[in-house]
Amino acid sequence: NSPWAFVADAKLFTRANANRDLLDNNTREWQWGRVGAGVRYARDNNFFEARLKAEVFDYQLTNNISAIGPELTYIRALTRELHWISQASGDIRIFKRNSARNGFYMNAGQYLRVFFNEGKHSFMFGGKYIGNYADTRLPSYHGFELMARLNVAVTPKFQISPHVSFTRELYRRPATVLDKYMRRDNRYRLGIDLSYRVTERFSLEGNVQYVKNNSNGLLNSYSQRVFGGGVAWNF
């Protein structure tokens, strides 16, 4: 009956692809792994969780990034339909082949989540501060992100989740020696996630996303169209 509990998680993701045109170097693969553990408090209208997490991203077993740091989440149920969410995380990152990027990376955000139609749907919006403080000035920046996401249960098995966000990044140096001003990026993101529950354990998932990055750096403006799909297994 205690409001305190021990929590832990472990995740592993790997991806590989091959291309005959690349001759001997015909495989590209990378892995990402994470473990985390901490404590959780839940009672009445309050939910608090603190975890210490460690992550490793590895590319072809030759280049990896390691990170360790805390994650904090606090949720206050102002009413049954309105939740106030606070989140913060920070980690020390070590880049095996690019030590100039070593440093402290953090973010902290505030959000509101509104439930409606008897809790079947929800709308979440808010923003967060982003701070990337590398050992050198070139990759270091700070900024903010504003976001909004709608979750709609079209049927008990089919859910859609459109979302939009705006991110501004203010760098501490120009992008290249050819640029006169400090690099400034504005990133717009628009997408939709889909989920269909086939059985109690299996779900089909898909997503479509468009990203537009506008930068005053000569080489840093781009647009992306991303399509994804997969299967989720719950156990």
Side-chain angles (χ1 to χ4, degrees), residues 1-15 30-59 63-96 99 101-115 119 122-135 139-149 151 159 161 163 165 167 169 193 195 200-201 203 205 207 230 232-235:
N1 295 324
S2 171
W4 292 95
F6 173 77
V7 292
D9 68 270
K11 300 178 182 179
L12 176 65
F13 183 87
T14 183
R15 189 178 76 173
W30 55 266
Q31 301 84 32
W32 171 79
R34 165 198 161 106
V35 292
V39 295
R40 174 183 296 170
Y41 175 89
R43 171 166 286 181
D44 300 328
N45 297 340
N46 297 294
F47 175 96
F48 172 76
E49 189 173 281
R51 298 191 189 209
L52 180 66
K53 57 98 174 183
E55 297 181 73
V56 175
F57 175 88
D58 181 89
Y59 179 72
N63 186 16
N64 63 66
I65 305 168
S66 304
I68 186 170
E71 294 179 332
L72 304 174
T73 301
Y74 172 71
I75 303 176
R76 171 72 178 181
L78 303 175
T79 68
R80 289 177 59 88
E81 294 79 22
L82 181 62
H83 290 180
W84 171 38
I85 303 172
S86 302
Q87 291 180 323
S89 66
D91 53 66
I92 298 173
R93 297 183 190 178
I94 300 175
F95 292 73
K96 180 180 179 180
S99 60
R101 291 183 176 270
N102 294 352
F104 181 68
Y105 295 71
M106 60 86 65
N107 65 81
Q110 297 286 317
Y111 307 91
L112 282 176
R113 183 169 57 195
V114 183
F115 294 90
S122 66
F123 178 67
M124 181 173 171
F125 64 95
K128 67 179 178 181
Y129 169 80
I130 304 169
N132 292 350
Y133 304 100
D135 290 344
S140 297
Y141 67 85
H142 66 95
F144 64 89
E145 179 185 276
L146 303 176
M147 61 78 65
R149 176 183 287 269
N151 293 311
Q159 294 189 1
S161 179
H163 53 89
S165 68
T167 304
E169 298 171 351
D193 300 334
S195 177
E200 290 297 324
R201 291 182 177 269
S203 298
E205 297 184 346
N207 59 77
W233 175 45
N234 301 305
F235 61 95

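The first residue in the sequence is number 1, and the count goes up from there. The model shown is predicted, which means the values in this text are computed figures rather than measured ones.
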Quiz item: Does CG belonging to Leu52 count more than 12 external heavy atoms closer than 6.0 Å?
Solution: yes
Quiz item: Looking at the rings of His83 and Tyr111, which for Trp means the six-membered one, are their centres under 6.0 Å apart?
Solution: no
Quiz item: Which atoms form the tightest heavy-atom contact between Ser99 and Asp135, and what is the distance?
Solution: O-OD2, 4.1 Å
Practice problem: Please determine if Arg149 and Asp193 form a salt bridge, counting it only when a charged side-chain N lies under 4.0 Å from a carboxylate O. | Solution: yes
Exercise. Could you check if a side-chain atom of Phe13 sits within less than 4.5 angstrom of a side-chain atom of Arg34, using non-hydrogen atoms only?
Key: no
Self-check item: Inter-residue atom distance Phe57.CZ - Asn64.CG, 0.5 Å rounding
Solution: 10.0 Å
Self-check item: Pair Trp30-Asn63, side chain to side chain contact (heavy atoms under 4.5 Å, CB included): steps then yes or no
Solution: CA-CA 9 Å; Trp30 55 266; Asn63 186 16; over 6 Å; no
Quiz item: Which distance, rounded to the nearest 0.5 Å, do you find between the CD1 of Ile75 and the CZ of Phe48?
Solution: 11.5 Å
Quiz item: When you look at CH2 of Trp32, are more than 12 heavy atoms from neighbouring residues, nucleotides or ligands closer to it than 6.0 Å?
Solution: yes
Quiz item: Nearest heavy-atom pair of Ala42 and Phe47: which atoms, and what distance?
Solution: CB-CD1, 4.1 Å
Self-check item: Tyr105 side, atom OH; Tyr141 side, atom OH - distance, nearest 0.5 Å
Solution: 8.0 Å
Quiz item: Do Tyr74 and Asn46 pass the side chain to side chain contact (heavy atoms under 4.5 Å, CB included) test, and can you show the C-alpha distance, the side-chain angles, and the key distance before you say yes or no?
Solution: CA-CA 8 Å; Tyr74 172 71; Asn46 297 294; 2.6 Å; yes
Self-check item: Non-hydrogen atoms of Val35 and Ala10 that approach each other most closely
Solution: CG1-CB, 4.2 Å
Exercise. Would you mind listing every side chain to side chain donor-acceptor pair (under 3.5 Å) that reaches into residues 35-45, with sequence neighbours excluded?
Key: Arg40-Glu49
Quiz item: Roughly how far, to the nearest 0.5 Å, is CZ of Arg51 from CG of Asp9?
Solution: 4.5 Å
Practice problem: Indicate the atoms forming the closest heavy-atom contact of Ser66 with Val56, along with that distance. | Solution: OG-CG2, 4.2 Å
Practice problem: State whether a side-chain donor-acceptor pair under 3.5 Å links Asn102 with Arg93. | Solution: no
Self-check item: Qualifying residue for side-chain contact (heavy atoms from CB on, under 4.5 Å) with Ile85, from Arg113, Gln110, Arg76
Solution: Arg113
Self-check item: Minimum heavy-atom distance Phe115-Ser122, with the two atoms named
Solution: CD2-CB, 3.8 Å
Quiz item: Could you give the distance from CD (Gln87) to CG (Leu72), rounded to the nearest 0.5 Å?
Solution: 10.0 Å
Quiz prompt | Test side chain to side chain contact (heavy atoms under 4.5 Å, CB included) applied to Leu112 and Trp84, step by step | solution = CA-CA 5 Å; Leu112 282 176; Trp84 171 38; 4.1 Å; yes
Quiz item: What heavy-atom pair brings Lys128 and Asn107 nearest, and what distance separates the two atoms?
Solution: CD-OD1, 4.1 Å
Quiz prompt | Side chain Ser140, main chain Ala134, donor-acceptor under 3.5 Å | solution = yes
Quiz item: Are Asp91 and Lys53 close enough for a salt bridge, meaning some N to O gap below 4.0 Å?
Solution: yes
Quiz prompt | Rounded distance [0.5 Å steps], OG in Ser161 versus CD in Glu205 | solution = 11.0 Å
